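Note that the structure is a prediction, hence the values are computed from the model and not measured. First the proteins, then the strands, lettered A, B, ... as listed; each starts at 1.
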Amino acid sequence: MLRSASLCAAPTRLATMHPMTDKKAQQYGVTPQSVDFNDWYNEVVKKADLADNSPVAGAMVVKPYGSALWERIVRWLDDEFKAADHESLIFPTLIPMDFIMREADHVEGFAPELFTVNKIGTEVLAEPYVLRPTSETIIGHMWSGWLNSYRDLPFLHYQWGSVFRAELRTKAFLRTSEFYWHEGHTAHATQQEAQAEVRMILDLYHRFCRDILALPVVRGEKTASERFAGAVSTFSIEGMMRDGKALQSGTSHYLGQKFSRAFNVKFQTAAQAEEFAHTTSWAISSRIIGALIMTHGDDKGLMMPPNIAPTQVVIIPIGRKDNFGEMVAEGDKLAAELKAQGVRVKVDRRDGVTNGFKYNDWELKGVPVRIELGPRDLESGVLVVKNRTGDDKETLPRAEVVGGIKARLDGIQAELLQRATDFMLENTVTVDSYDEFKAAIESGKWVRAFHCGDPESEKAIKDDTKATARNVPLDDAEFFAEKEEGVCVHTGKPAAYGKRVIFGRQY
RNA sequence: CGAGGCGUAGCGCAGCCUGGUAGCGCAUUUGGUUUGGGACCAAAGGGUCGCAGGUUCGAAUCCUGUCGCCUCGACCA
């Protein structure tokens, strides 16, 4: 619950500049981003009705609006996976604990955050289970039984579900002890094929973020110290939030033969040799909703990109008691015309709530387009239209609004992507000295710098600045891909990777 | 997990220090007036004071434990 804690945590700040000291502000709206980004985020999640806290530590309840959003995310991705010939399947939530223990790096990464089931009724289990933190192990186990010949490959599998990781500090959508995702798991006969899969998925994620969520993201490879526990190589898409922090928004891992060796996933080749499969895993989680909130949101609340918005257009019938019903009926007619074009539209038929209240309500929820429809408009054949992205209302002929609705939505989609891209570029600086590096990080920016690749140096930088290497952009990444040689900004040694690394503070 | 803060009506809070009838604003319900950017008047309903122990004649208030939330730190595929 959003109790007094967040408002009282820092009394000195509160006393001087917290707008919640104002009665009206306390009741309506959210804390401005510039005052306290954390408060802003927590309040938006609550007030826009995306999620609520549950009695279970760190586990949220996703409310209908949040669920509608997640369902749209799931649907789009699921269609794409299937279009790329992947098949879904369903694995148990419980995994034998010893499975997790079989791959050394995997254990080390996950052991501290495992929920363990060691009792059924009153009977203590000799071999406990864990609630899956991810399913490479149990899937590897099953694959070993399914795989005989190279002709069986590739396995192109994925499942939708939730996983459990007991993080010590949680935050709705960004880091919850149970979260929702798909996990892709594929097995291939060759390294090349597996690596092509990893890359194909990373690109799919990139398209999803760019075209559907209007999130500019940087495709790149993680440095060794930031790899998935058990991966040979990890690739990520990184987005910049409006506070300048980075959010890893999706990952795609090449696991080599590490898991196939641990779970005996092997096959006979055409040359009659025995070989271990090359496997991959990849995921986008409910965390992506956090990215959506923090990339596009403003002081009025959420801003939903039209391509993902559960509701794209809201119609507000405006009338008095005697003609409100008539206006609602007109709104329904208009809605039907928009729906016929495939637009997701709602008519706000609530009576006894003032128009101003409705405007603010839908702005908080981030609905891209609002149409007002009142007696005056009806009389003159116009509609009042307002985009969530701007401040101005437009009065336009009804036919123009109806006919131009798709273009309007596309325009908003493009505007959001452009805005977020500009923000990311404006808040990324290229530096060649460690002093500049520290100053830039301190001011909440991303840094592009040369690095020697030494994990010890990365650790030292993190201890010093709280910034980590986000990724090394791919050669064909949309941003920051330039090839360059230089010396490490931290150690002065020759730079690794042949290009600059993105550093930033992260969620 | 370490340090700090906070749990009182749906939301935001006061009351706690100094133990003695549980309050305020908003929201809700009803009636009326309103309605093109967060309406107004009137009346009404709503609370095991997070939970469990303890001290006391008596606990929202004092003590202990515990659960949950927030911030900083550590951790974070």
Discussion item. I want to know whether A/His106 and A/Phe259 have ring centres closer than 6.0 Å.
Written reply: yes
Practice prompt. Using the C1' atoms only, state how far B/rG53 lies from B/rG47, rounded to an integer number of Å.
Written response: 23 Å
Worksheet item: For A/Glu379 and B/rG36, what is the distance between atoms CD and P respectively, to the nearest whole Å?
Response: 18 Å
Discussion item. Under 4.0 Å between a side-chain nitrogen and a carboxylate oxygen: does that hold for A/Glu372 and A/Lys386?
Written reply: no
Worksheet item: Within the pair A/Asn38 and B/rU71, is there a side-chain N or O less than 4.0 Å away from OP1 or OP2?
Response: yes
Item to complete: Could you tell me the separation between the NZ atom of A/Lys245 and the C1' atom of B/rC72, rounded to a whole number of Å?
Response: 11 Å
Item to complete: Salt-bridge test for A/Arg398 and A/Glu337: reply yes if a basic N is under 4.0 Å from a carboxylate O, no otherwise.
Response: yes
Worksheet, complete the sentence: Side-chain contact check for A/Ala57: nearest option of B/rC76, B/rG68, B/rG37 is B/rG68
Worksheet item: When rounded to the nearest Å, what value does the distance between C1' atoms of B/rA3 and B/rC11 take?
Response: 30 Å
Practice prompt. Round to a whole Å and report the spacing from CZ of A/Arg287 to P of B/rC76.
Written response: 13 Å
Practice prompt. Answer yes when A/Arg408 and A/Glu400 have at least one side-chain N-carboxylate O distance shorter than 4.0 Å, and no when they do not.
Written response: no
Fill in: Spacing of the C1' atoms in B/rG19 and B/rC57 (rounded, Å)
12 Å
Practice prompt. Using heavy atoms and a sub-4.0 Å distance, could you list which residues of residues 381-393 of chain A are near RNA chain B? By number, please.
Written response: A/Val384, A/Lys386, A/Lys393
Worksheet item: Should A/Thr354 be listed as having a side-chain N or O under 4.0 Å from OP1 or OP2 of B/rG38?
Response: no
Practice prompt. In whole angstrom, give me the gap between the C1' atoms of B/rC49 and B/rC6.
Written response: 14 Å
Worksheet entry | Nearest to side-chain heavy atoms of A/Leu168, which nucleotide of B/rC69, B/rC76, B/rC1 | B/rC1
Discussion item. Would you measure the distance from the P atom in B/rA43 across to the matching atom in B/rG5 and give it in whole Å?
Written reply: 42 Å
Fill in: Pair A/Tyr158 + A/His185: ring centers closer than 6.0 Å
no
Discussion item. Classify A/Lys300 by what it touches in the nucleic acid, base, sugar-phosphate, or nothing, heavy-atom distance under 4.0 Å.
Written reply: nothing
Item to complete: Name the orientation class of the two ring planes belonging to A/His141 and A/Phe99 (parallel below 30°, tilted from 30 to 60°, perpendicular beyond 60°).
Response: tilted
Item to complete: Check whether any side-chain N or O of A/Lys171 sits under 4.0 Å from OP1 or OP2 of B/rU71, and answer yes or no.
Response: yes
Discussion item. Using a heavy-atom cut-off of 4.0 Å across all strands, would you classify A/Arg169 as base, sugar-phosphate, or nothing?
Written reply: base
Discussion item. List the residues meeting salt bridge (Lys or Arg N to Asp or Glu O under 4.0 Å) with A/Arg349, not counting sequence neighbours, and say none if there are none.
Written reply: A/Asp332
Item to complete: Examine A/Phe228 together with A/His253 and report whether their ring centres are nearer than 6.0 Å.
Response: yes
Practice prompt. Classify the side chain of A/Asn355 and the base of B/rG38 as holding, or not holding, a donor-acceptor pair under 3.5 Å.
Written response: no
Worksheet item: Using purine N1 to pyrimidine N3 plus N6-O4 or O6-N4 for Watson-Crick, or N1-O2 and O6-N3 for G-U wobble, both under 3.5 Å, which nucleotide pairs with B/rG38?
Response: none
Fill in: Interatomic distance, A/Lys466 NZ vs B/rC72 C1' [rounded to whole Å]
8 Å
Item to complete: Calculate the interatomic distance between A/Lys365 atom NZ and B/rG38 atom P; express it in whole Å.
Response: 19 Å
Worksheet item: When rounded to the nearest Å, what value does the distance between P atoms of B/rU56 and B/rG50 take?
Response: 23 Å
Practice prompt. Would you indicate what A/Pro375 reaches in the nucleic acid, counting non-hydrogen atoms under 4.0 angstrom: base, sugar-phosphate, or nothing?
Written response: base
Item to complete: In whole angstrom, give me the gap between the P atoms of B/rU48 and B/rG58.
Response: 22 Å
Worksheet entry | Crowding at NZ, A/Lys346 (>12 non-hydrogen neighbours, <6.0 Å) | no
Worksheet entry | Pair A/His157-A/Trp143, side chain to side chain contact (heavy atoms under 4.5 Å, CB included): steps then yes or no | CA-CA 11 Å; A/His157 296 156; A/Trp143 275 349; 3.1 Å; yes
Fill in: Pairing partner of B/rA60 (Watson-Crick or G-U wobble, both distances under 3.5 Å)
none
Worksheet item: Using the C1' atom in both, what is the distance from B/rU28 to B/rC70, to the nearest Å?
Response: 28 Å
Discussion item. Base, sugar-phosphate or nothing for A/Arg370? Non-hydrogen atoms, less than 4.0 Å.
Written reply: base
Worksheet item: Considering Watson-Crick and G-U wobble pairs with both distances under 3.5 Å, what does B/rU48 pair with?
Response: none
Response to the item:
pair_partner(B/rU29), Watson-Crick or wobble, both distances < 3.5 Å, evaluates to B/rA43
Fill in: Pair assignment for B/rC24, Watson-Crick or G-U wobble, requiring both distances under 3.5 Å
B/rG12
Worksheet item: Relative to the 5' end of RNA chain B, which residue comes earlier, A/Gly374 or A/Ala59, by the nucleotide with the nearest heavy atom?
Response: A/Gly374
Worksheet entry | Side chain A/Glu363 and base B/rG37 donor-acceptor under 3.5 Å | yes
Fill in: Complement of B/rC1, any strand, by Watson-Crick or G-U distances under 3.5 angstrom
B/rG73
Worksheet item: Which part of the nucleic acid, if any, lies within reach of A/Asn360 when heavy atoms closer than 4.0 Å are counted: base, sugar-phosphate only, or nothing?
Response: base
Discussion item. Measure CD/A/Glu167 against C1'/B/rA74 and give the value in whole Å, please.
Written reply: 12 Å
Item to complete: Check the distance between B/rG37's C1' and A/Ile318's CD1 and give it to me in whole angstrom.
Response: 10 Å
Worksheet entry | A/Asp49 CG to B/rA27 P, straight-line distance once rounded to whole Å | 18 Å
Response to the item:
Per nearest nucleotide of RNA chain B, the residue lying toward the 5' end, A/Gly58 or A/Tyr507, is A/Gly58
Worksheet item: With sugar-phosphate meaning primed atoms plus P, OP1 and OP2, does A/Tyr41 contact a base, only sugar-phosphate, or nothing at under 4.0 Å between heavy atoms?
Response: nothing
Worksheet item: How would you label the contact of A/Pro112 with the nucleic acid (heavy atoms, under 4.0 Å): base, sugar-phosphate, or nothing?
Response: nothing
Fill in: Ring center gap for A/Phe503 and A/His451 short of 6.0 angstrom
yes
Practice prompt. Go ahead and name the base partner of B/rG68; Watson-Crick or wobble counts if both distances stay under 3.5 Å, otherwise write none.
Written response: B/rC6
Fill in: Proximal nucleotide (of B/rC70, B/rC76, B/rG38) relative to the A/Asn42 side chain
B/rC70
